[in-house]
Amino acid sequence: MVEETLSTEQTEVETDATLQVRDLHVYFHTAAGAVKAVNGVNFALKKGERFGLVGESGSGKSTIALSLLRLIKPPGRIEGGQVFLNGVDLVSLTEEEMRRKRLDEIALVAQGAMNSLNPVRRIRDQFMLAFQDHGIDVKRSGINDHIGDLLSRVGLSRDVADMFPHELSGGMKQRVCIALAISLSPSVIIADEPTSALDVVVQWQVMDTLRRVQEDLGASVILIGHDMGLMAQFVDRLGVMYAGRLVEIAKVKDMFGDPLHPYGQMLIASLPSLEVKQDRLQGIPGITPSLLNPPSGCPFHTRCPKMMEHCKTVTPVLQEVREDHWVACHLYEEAK
Ligand code: SF4
């Protein structure tokens with residue numbers, strides 16, 4: 001159980017949400033103590049929405065991805081909170097119930113997923129194995145057509161089904177992984193840095209493919225990454241993670257045009273701009289705090305240029321300070 005009092009953070013309530021994450025806590029238990037990788041996260045994902053999660057390495061964004069799929073391995077553990085997918089709390093399911101939900105309702109396109117393809121099996125067999133794992137009769141007529149259709153939907157020739165992974169380029173393999181992820185028409189696709197190993201042109205092609213299949217399916221997507229350019233082009237809303245917490249959530253145009261949290265502001269200011277010539281890129285001074293002993297109060301107070309005395313002791317809660325713009329910062333507490 002969570003050792004400290006669970007956050008009283010205002011939940012982003014969405015009655016029509018496909019996915020609703022409430023007060024999620026995920027800790028990694030090490031010899032030195034509990035590393036609070038995700039420390040009270042709340043957000044909701046609407047049907048058909050593309051939601052981005054950004055933050056520095058170690059901010060907890062990939063841990064959230066694995067937690068939503070219940071794929072956190074020991075010493076990691078979901079300590080508290082709920083993850084409602086189409087009204088069912090995934091955290092409370094048995095392992096077997098959760099195994100069936102994966103692919104069926106929630107699927108992952110992981111970082112370097114293309115390397116997870118079995119090198120000694122043809123692509124067709126990899127689809128068959130996934131289908132068998134979900135109790136689908138792979139001997140039924142039409143199954144090969146279905147695999148061909150899935151490959152066509154991600155822009156690949158149907159002949160790819162008879163190839164081995166080593167015969168495909170990195171971009172083609174990642175498309176196969178997207179085709180596998182959508183093979184059972186999930187309502188949520190989690191894409192964790194899906195293009196990080198690809199060159200820029202292929203990155204855009206893969207993201208375009210992901211957008212197309214997502215729109216065809218009417219699925220929602222959570223895109224995890226740190227490429228703000230890719231986020232700006234792909235997502236509808238963006239959540240900024242810092243030290244295991246979501247510190248700002250806004251529509252992408254508001255996040256880029258008028259970020260409110262000091263960390264969000266520094267993140268956006270650090271991006272290169274075509275209009276404003278910069279001699280050197282601005283970094284964010286200071287280092288990310290240890291999640292083993294996170295700072296008291298606001299986790300950003302050790303680096304924040306606007307820090308006030310009570311920021312050192314009182315943790316700000318995520319609140320909607322403008323329409324669909326949520327911030328966890330004491331600067332905005334009177335702004336509601
Ligand atoms: Fe800065 Fe205080 Fe806001 Fe934290 S709560 S971001 S320290 S102003």
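Both backbone and side-chain heavy atoms feed into the values below; hydrogens, waters and symmetry mates do not. Positions are given from 1, in the same order as the sequence printed here. One-based numbering, in listed order, for ligands and for the atoms of each.
Relative ring orientation between Phe127 and Phe131 is described as tilted, the plane-to-plane angle lying within the 30° to 60° band.
Residues Asn42 and Arg245 fail the side-chain proximity criterion, which asks for heavy atoms closer than 4.5 Å. At a threshold of 4.5 Å between non-hydrogen side-chain atoms, the residues Phe51 and Ile249 count as touching.
Phe84 is linked by a ring-ring contact (aromatic ring centres under 6.0 Å, His included) to nothing, counting only residues two or more places apart in sequence or in another chain.
Protein atoms of type N, O or S found under 2.8 Å from atom 1 (Fe) of ligand 1 total 1.
For residues 150-171, the pairs satisfying salt bridge (Lys or Arg N to Asp or Glu O under 4.0 Å) are Arg124-Asp162, Asp149-Arg158, with sequence neighbours left out.
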Show me, pair by pair, the donor-acceptor contacts under 3.5 angstrom made by side chains of residues 291-305, not counting sequence neighbours?
| unit_1 | atom_1 | unit_2 | atom_2 | d |
| --- | --- | --- | --- | --- |
| Ser296 | OG | Lys312 | O | 2.6 |
| His301 | ND1 | Ser296 | O | 3.2 |
| His301 | ND1 | Cys298 | O | 3.0 |
| Arg303 | NE | Pro285 | O | 2.9 |
| Arg303 | NH1 | Glu56 | OE1 | 3.3 |
| Arg303 | NH1 | Tyr242 | OH | 3.1 |
| Arg303 | NH2 | Glu56 | OE2 | 3.4 |
| Arg303 | NH2 | Ile284 | O | 3.2 |
| Arg303 | NH2 | Gly286 | O | 3.2 |

